Amino acid sequence: MARRIVIVGGGMVGNRVVADLAASDDDLEIVLVGEERHEPYDRVHLSDYAGGADAAALTLVDDAVRRDPRVTFRLGARVTGIDVGARTLTCDDGSALVWDELVLATGSRAFVPPIPGAERPGCFVYRTLDDIDAIAAAAARCPGGRAVVIGGGLLGLEAANAVRQLGLEATVVEVAPRLMPVQLAAGGAAARRRRVEDLGIEVRVDHATASIDGDSRTGGVRSLTFQDGTTIDADMVVFS
């Protein structure tokens, strides 16, 4: 009887585990359970998707793996419980899955700092294809509006360029005194800032967000207030 290996997590690591197992000649049943509705894809190129690339172009799944009868992708399923003794897991649709070996490859979640107002409609994270779809839909409702991206790291700069491509004015807010403070020294950060500003993206460093202020009519985002008391108008906030 085939040994069933279940991988929880449909990201880049989960996909690599599936590919490596499928490359063997072992008698296996390989099941990947992913919370997202998409096959594993390349998150590094989310901005390409925001710029109009098809989601299928980002897939990481090899055709040979997709055709392998030993491999099953259960997408759009979130694991809600694991019983180690019984070697079963349950999903949010109530279904159960028995496993002989279990691999947890769930990765990370986008961090949202505890800023008052961060839960308002119009606040987004930038991590998945569904996040990009939600941002694009919101951008279509406020053409020419302003999006503020909180986080001036690599992903934050990608997010800012993505909302710019969607037709919004973009501002990057970073609490550190320079962009990409983990990756770049002062000289490199200054050069990167010039490149970003050449794209028409405003940069504000040394700015800590105190609150995200709401529109009393819509309940959505109206502005951001910084800890120094200054404000900036915004129609959308992206945490990155």
Side-chain angles (χ1 to χ4, degrees), residues 1-50 53-114 118 124-135 151 153-159 162 180 182-183 238-240:
M1 185 175 179
R3 189 167 88 258
R4 177 182 286 174
I5 302 178
V6 175
I7 301 97
V8 179
M12 300 172 84
V13 172
N15 179 71
R16 179 58 184 268
V17 174
V18 171
D20 285 352
L21 291 171
S24 75
D25 294 327
D26 295 345
D27 187 13
L28 300 174
E29 182 182 354
I30 306 162
V31 182
L32 182 140
V33 182
E35 184 175 5
E36 293 186 62
R37 57 192 174 89
H38 301 280
E39 288 183 344
Y41 57 89
D42 183 358
R43 298 185 193 279
V44 175
H45 290 95
L46 279 176
S47 294
D48 293 348
Y49 180 66
D54 190 88
L58 274 65
T59 186
L60 295 172
V61 181
D62 187 270
D63 283 340
V65 173
R66 193 180 290 110
R67 294 192 300 267
D68 192 321
R70 300 173 300 164
V71 177
T72 301
F73 289 92
R74 290 191 59 178
L75 304 176
R78 183 168 60 90
V79 174
T80 56
I82 297 173
D83 187 328
V84 176
R87 293 196 175 188
T88 61
L89 60 80
T90 54
C91 296
D92 53 359
D93 62 1
S95 62
L97 192 61
V98 177
W99 47 268
D100 295 299
E101 296 179 45
L102 181 65
V103 178
L104 300 181
T106 50
S108 62
R109 293 191 179 275
F111 171 68
V112 177
F124 303 92
V125 295
Y126 186 89
R127 183 173 175 273
T128 70
L129 290 172
D130 286 341
D131 293 335
I132 304 300
D133 286 339
I135 291 169
L154 180 59
L155 193 60
L157 299 182
E158 291 218 6
M180 298 180 64
V182 175
Q183 296 92 348
V238 180
F239 294 101
S240 186

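Given the structure is predicted, the values throughout are model-derived calculations rather than measurements.
- In terms of the salt bridge (charged side-chain N to carboxylate O under 4.0 Å, His left out) criterion, Asp48 has no residue partners (sequence neighbours excluded).
- Scored by the side-chain hydrogen bond (donor to acceptor under 3.5 Å, both in side chains) test, Asp27 finds no partners at all (sequence neighbours excluded).
- The nearest pair of heavy atoms linking Leu28 to Ala2 is C-CB, 4.0 Å.
- Every residue meeting the side-chain hydrogen bond (donor to acceptor under 3.5 Å, both in side chains) condition with Glu36, not counting sequence neighbours, appears here in chain and number order: Tyr41, Arg43.
- Partners of Ala110 according to the side chain to side chain contact (heavy atoms under 4.5 Å, CB included) rule, which considers only residues two or more places apart in sequence or in another chain, are Val125, Arg127.
- In this structure, the side-chain hydrogen bond (donor to acceptor under 3.5 Å, both in side chains) partners of Asp93, at least two apart in sequence or on a different chain, are Ser95.
- Residues Gly156 and Ser240 share a closest heavy-atom pair of N-OG, 3.1 Å.
- Expressed to the nearest 0.5 Å, how far CG of Asp68 lies from CG of Asp62 amounts to 10.5 Å.
- Considering only residues two or more places apart in sequence or on other chains, Asp83 meets the salt bridge (charged side-chain N to carboxylate O under 4.0 Å, His left out) condition with none of them.
- With sequence neighbours left out, the side-chain hydrogen bond (donor to acceptor under 3.5 Å, both in side chains) criterion links Asp20 to Arg16.
- Atom-to-atom distance recorded for Ile5:CD1 and Leu21:CG is 4.5 Å, nearest 0.5 angstrom.
- Among residues at least two apart or in separate chains, salt bridge (charged side-chain N to carboxylate O under 4.0 Å, His left out) pairs with a member in residues 94-108 are Arg3-Glu101.
- Residue Val33 comes nearest to Ala77 through the heavy atom pair CG1-O, 3.6 Å, listed as atom of the first residue, atom of the second, then distance.
- Remark: Leu89 pairs with Val6, Val8, Val79, Ile82, Cys91, Leu97, Trp99, Leu102 by the side chain to side chain contact (heavy atoms under 4.5 Å, CB included) rule, at least two apart or across chains.
- Side-chain contact between Leu58 and Leu129 is present, with heavy atoms from C-beta onward closer than 4.5 Å.
- Once rounded to the nearest 0.5 Å, the distance linking CZ of Arg78 with OG1 of Thr90 reads 10.0 Å.
- For the atom pair CZ (Phe124) and CG (Asp130), the distance works out to 12.5 Å, reported to the nearest 0.5 Å.
- Take Asp42 and apply the side chain to side chain contact (heavy atoms under 4.5 Å, CB included) test, not counting sequence neighbours, and it matches Met12, Val44, His45, Leu60.
- The shortest heavy-atom contact between Ala105 and Val13 is CB-CG1, 4.0 Å.
- The backbone N or O of Val31 sits nowhere less than 3.5 Å from a side-chain atom of Arg70 that would complete a donor-acceptor pair.
- By the salt bridge (charged side-chain N to carboxylate O under 4.0 Å, His left out) test, Arg67 is found to be paired with no residue, residues two or more places apart in sequence or in another chain being considered.
- A salt bridge does not link Arg74 to Asp92: none of the charged nitrogens lies less than 4.0 Å from a carboxylate oxygen.
- A side-chain donor-acceptor contact under 3.5 Å links Asp131 to the backbone of Thr128.
- Partners of Asp54 according to the salt bridge (charged side-chain N to carboxylate O under 4.0 Å, His left out) rule, which considers only residues two or more places apart in sequence or in another chain, do not exist here.
- Rounding to the nearest 0.5 angstrom, the gap separating the CZ atom in Phe239 from the CZ atom in Phe111 is 9.5 Å.
- The shortest heavy-atom contact between Ser47 and Ala162 is OG-CB, 4.5 Å.
- Pairing each heavy atom of Ala159 with each of Val238, the nearest pair is CB-CG1, 4.3 Å.
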Under the criterion side chain to side chain contact (heavy atoms under 4.5 Å, CB included), I'd like the reasoning laid out for Glu158 against Leu46: C-alpha separation, chi angles, the key distance, then a yes or no. CA-CA 8 Å; Glu158 291 218 6; Leu46 279 176; 5.6 Å; no

Please test Ile30 against Thr72 for side chain to side chain contact (heavy atoms under 4.5 Å, CB included), starting from the C-alpha separation and ending with a verdict. CA-CA 6 Å; Ile30 306 162; Thr72 301; over 6 Å; no

